[in-house]
Every structure is written in C-alpha cells, then in structure tokens.
Number of protein chains: 2
Amino acid sequence: MRPNDLPDIRDLPLFRSMDEASFAELMNAAYLQKFPRQVDLIFEGEPADFLYVVIEGCVELFSRHAGRETTLGMVVPVSSFILAAVIRDAAYLMSGRTTEASRILMIPSENIRAIFEKDGAFARAIVRELALDFRVMIKEYKNLKLRPGIERLANRLLRLHDQTAAAGSFMLPYDKKTLASILGMTPENLSRGFATLKAYGVDVSGNMITITDVDDLRAFAKVNPFIDQ
Amino acid sequence: MRPNDLPDIRDLPLFRSMDEASFAELMNAAYLQKFPRQVDLIFEGEPADFLYVVIEGCVELFSRHAGRETTLGMVVPVSSFILAAVIRDAAYLMSGRTTEASRILMIPSENIRAIFEKDGAFARAIVRELALDFRVMIKEYKNLKLRPGIERLANRLLRLHDQTAAAGSFMLPYDKKTLASILGMTPENLSRGFATLKAYGVDVSGNMITITDVDDLRAFAKVNPFIDQ
DNA sequence: CGCGCTGTTGATACGTATCAAGGCTCGTGG
DNA sequence: CCACGAGCCTTGATACGTATCAACAGCGCG
C-alpha cells in the first residue's frame, strides 16, 4: 500500500471515527491490489470473504438472472461496497467487476466483524453508512417502480449536470450501454430516450451532454426530492 | 402499555441485546397507541420523529409520485419500521398507514439516537437489523428489475405457500389490490396473472390460494435463492 | 486494413397500463 | 329485513411503454 493512500481511507466516514489501534489492525490485515479492467472481483452467491474499498478506478455491481443482466450500482473512489453481506456473514447478492484499471483494498470479513464487535465507534459508523446506503437503495427502488424509463433518464442527466456544476456540458462517466443497464432499460431504448429529450433541451454528442434548458428538462423529469435528492 | 407486550418487544432482535437500563429508558419515553384501520401514521417528506414498532395489526408503507402510488412494504407484528430515517435524522422516504386496527409503539427518535450513542450493544443490533433490511431491499430491487410481473407473482405465491407450510392452501394476507401494488402491477394485470398461472397449478377462489403442482409452479417462477429465499 | 464493439434507427412483438363495463360481496340505512 | 350503493375483482378492448430482431454507420484497436 502506498503511504499516501492511508489518509484517504482513514478519512472515509466508515473509518474516520474508529480508534487508531483498530484502524491499524484492519489495515494490517488488508490487501491492496491492482486489477486491470473487466476483472471479476466477487460473484453473486459466494460467501462474503472481504469488504472491498475502491481506491482508484471503478467497480460495477451487477446481477444476472434468467439470461438477463442488470447493473445495480457503480462504485467510485473512495468508497466501500458489500458492507451488508460482510456484516451478516452471508452470501453476496451482487457480482462485481472492474470497468477500468483499479486499485482495490480488500479487508477480510473476519477482521471487520471482530473490530465491529469490540469498537463501538466503528459499529456506529457502520450504522450510519448502512442507513445511508439503505436510503439510496429505497430511492432507486421508488425510481424504478414509480417512473417510466425516459423520466429516469431525464433525472439521471440532471443529477450528473448538478454534480459537475460546470457550465452547461458534462461527460457521461460510463458508456451508454452501461447507463442503460443502470436505468433499467435497453441500449436501443436509451438511444430513443435521448432523441426525445432533444425537445427538452438535451444535446448529445458522443459522451458529451449539454443541457441547454435546465428548467424545461427539470419540469419534464418531475423531480422529486424523495427519489432524486 | 400492557405488561405482557414488553417481553415481545424486548425479544426483538433490535432490543434483545441492549442492557436493561437502556431498554427501560427507551420504553419509558415511548408511547403505545391504538389506531383504527386506514389511519395515516407517517408522511413521506416529514422529519423522522419516531421509530415505530407494530405490536398488533398491520402497517402498509407506500409512496406517491406524479399521480401514481405504490406499496413499498407491509409491516406485521412484531417489527419496527423506518429505522434508517431515524438513525440519519432525516425525512421519511415512505408514507405509512394502518391497514387494520393496530397497536403501535412509538419511540421518539432522540431517545433512539441517544441510546444508540451510548449503548454499544444497541448500535450493533441496529447494524444487524439495517444490514438485513438492506439485503431484503436489494432482493426486491433485483426482483423488479430482472423479472416480469407474472414471475414476481409466481414467486410471491410460492413464498406465501412455504411460509404457511400447511397443506396445499393458504389465504392471501391482504386484498388483491394491495398485492398488485406490492408486486408493481395493476389489479387488472394481477387478475390476468392469476388466470395464466392456472395452467401451472394455481387455483384461486377469493383470497384462498391452492397450489396443486408446486414443482410446476416453481419451474415456471424461475426461483432464485439470491432474489427470493 | 478489417474486425469487433458501441450506438443508432426501423420494424415488429410483447408486457403492461388504461378505460370501460359488469358481476359480486358486504355493510349500511331505510 | 331488504334494498341500495360502494368498493373489489374480473374481463374485454385498446393504447402505450419497452424489448427484440435486424441492419448499418462510426470508431478504435490489433
């Protein structure tokens, strides 16, 4: 592990408040590994042997069923994934693979659980993290259950727009195929979605998106703070 | 509060391991109230002032958006709901109403958070509870994203069948309109779903369901332990 | 250079929602 | 006690959202 990675990890909400000894113990047991892109890290159904932290790169969480595949989330630096499975000492409910060359910290589950049992501050940090992740998940669920695909797309574009507060334009952080899978639609449908959003002030040129009339798009998207935030 | 309710509450995974003093403190601050059916308990968007525990009856969690409404969960005795919002000291992401006459325990959020801060065992119990709820939510999300409505119905029937390990028959625990909303489909579609499942050994007569050929239905449903379990 | 992948567009089919109508049950009030 | 009305459920006709299949353009990479 590079010495200058440690502060980033230590600064995560999950590890920030735990005591120094516990953190050192965790880091001592952990592995930092580099992976090329498109490497499978975890498989749905396998026991949760590690908690993962993405230090650099990107990890796609996905699931397959009956010949279909869907993206459940994208993990970007610096954050952890599959905490719930580690805590419950259960099987992963998602598979995960790198989408680009990545550096990943792997912390053995037993160490997480051991320190969780003895360090109250860590337990509380896990609570806050899980509660937050849970609420994000609820929003995604409502998003899918209450909105048609094109509105999910419009809202996602608005979120990306707001995150990169820059001028009018931003880059999609992943290819359109992946975006379609995140939104729960086919690539063909996403393409048509972009076409109809043109009328609401969305210009697409490759991965570059320009929103020329944010208010118009916002009205179309039916923004809802308890789904989108 | 009736004295014989306390053991049931104390025995919940959430409260089981906390120390006696903390539990007494919580119960001291709590209210136990009776509500008729169809009473709104919480409203999406309002601050999470209470943690709720259903002692008797049933609570439906739901959300509205753009003229639509969908059921996000049914809470039956004895369990709590909206723990995540309480912990994050945030707004409810769901609304909740009784579907029948119910007795509900209401614990002020501040008390939950205060004891969470000082009782490590309680913090750990919350972790385990949240992690479990989170995993249930992930499964629901995958269910919705990866399966068509009729397969969701088939799997739900199989789950109800397995829960009430009785002979071949069981009663739907709620009316079909609600079941449709849980499954993310319209009542009309649910009705047609039942009709096509007849061919796979599902007999419907009012709220009484009889599964005559479990294996056949199971094959049709494409059961997946990482969605259904 | 050509292969393969992504993305687009069109034609078509399927899943699902909507609208409408009618049967049924059940609770209420005459 | 019956009659009525409200709500649930079902069924049919139709429209819409979305997926599938196919073809092709553009691009990057070996």
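The chains referred to below are lettered A, B, ... by the order of the sequence lines, with proteins before strands, and numbering in each begins at 1. These figures come from a predicted structure and were not determined experimentally.
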Original post:
In whole Å, what is the span from the CD atom of E151(B) to the C1' atom of dT16(C)?
Top reply: 15 Å
Subject >> N or O in side chain of T186(A) less than 4.0 angstrom from dA19(D) OP1/OP2 >> reply: yes
**OP:** Please state how far atom CG in L190(B) lies from atom C1' in dT11(D), giving the value in whole angstrom units.
**Re:** 14 Å
Original post:
Counting only heavy atoms not in Q229(A), do more than 12 sit closer than 6.0 Å to its CD atom?
Top reply: no
Subject >> Distance, rounded to the nearest Å, where K176(B) contributes NZ and dC24(C) contributes P >> reply: 14 Å
Original post:
Just by distance, with hydrogens left out, do E60(B) and T99(B) show a side-chain donor and acceptor under 3.5 Å apart?
Top reply: no
Original post:
Taking the six-membered ring of F62(A) as reference, does the NZ or CZ atom of R97(A) fall below 6.0 Å from its centre and within a 45° cone about the axis?
Top reply: yes
**OP:** Specify the separation, in whole Å, of atom OH of Y174(A) and atom P of dC5(C).
**Re:** 23 Å
Original post:
What about R68(A), does its side chain sit under 3.5 Å from the base of dT20(D) through a donor-acceptor pair?
Top reply: no
Original post:
Is G184(A) touching bases, backbone alone, or none of the nucleic acid, heavy atoms closer than 4.0 Å?
Top reply: sugar-phosphate
Subject >> Gap between atoms CZ and P, on R37(A) and dC5(C) respectively (whole Å) >> reply: 12 Å
Original post:
What is the distance, rounded to the nearest whole Å, between atom CG of L179(A) and atom C1' of dT8(C)?
Top reply: 15 Å
Subject >> Interatomic distance where CG belongs to L153(B) and P belongs to dT16(C) [whole Å] >> reply: 11 Å
Original post:
Rounded to whole angstrom units, what separation is found between the NZ atom of K177(B) and the P atom of dC8(D)?
Top reply: 4 Å
Original post:
Would one find more than 12 heavy atoms of other residues, nucleotides or ligands at under 6.0 Å from atom NZ of K139(A)?
Top reply: yes
Subject >> Nucleotide nearest M185(A) (side chain, heavy atoms from C-beta), chosen from dC9(D), dA19(D), dT16(C) >> reply: dA19(D)
Original post:
Is a donor-acceptor pair below 3.5 Å formed from side chain R192(B) to base dG12(D), judging by atom type as modelled?
Top reply: yes
Subject >> Base dC9(D) paired with E188(B) side chain (donor-acceptor, <3.5 Å) >> reply: no
Subject >> Neighbour count >12 (heavy atoms, 6.0 Å) for atom OH, Y200(B) >> reply: no
Original post:
How is N189(B) classified with respect to the nucleic acid when contacts are heavy atoms under 4.0 Å: base, sugar-phosphate, or nothing?
Top reply: base
Subject >> First encountered from the 5' end of DNA chain D, between I150(A) and F194(B) >> reply: F194(B)
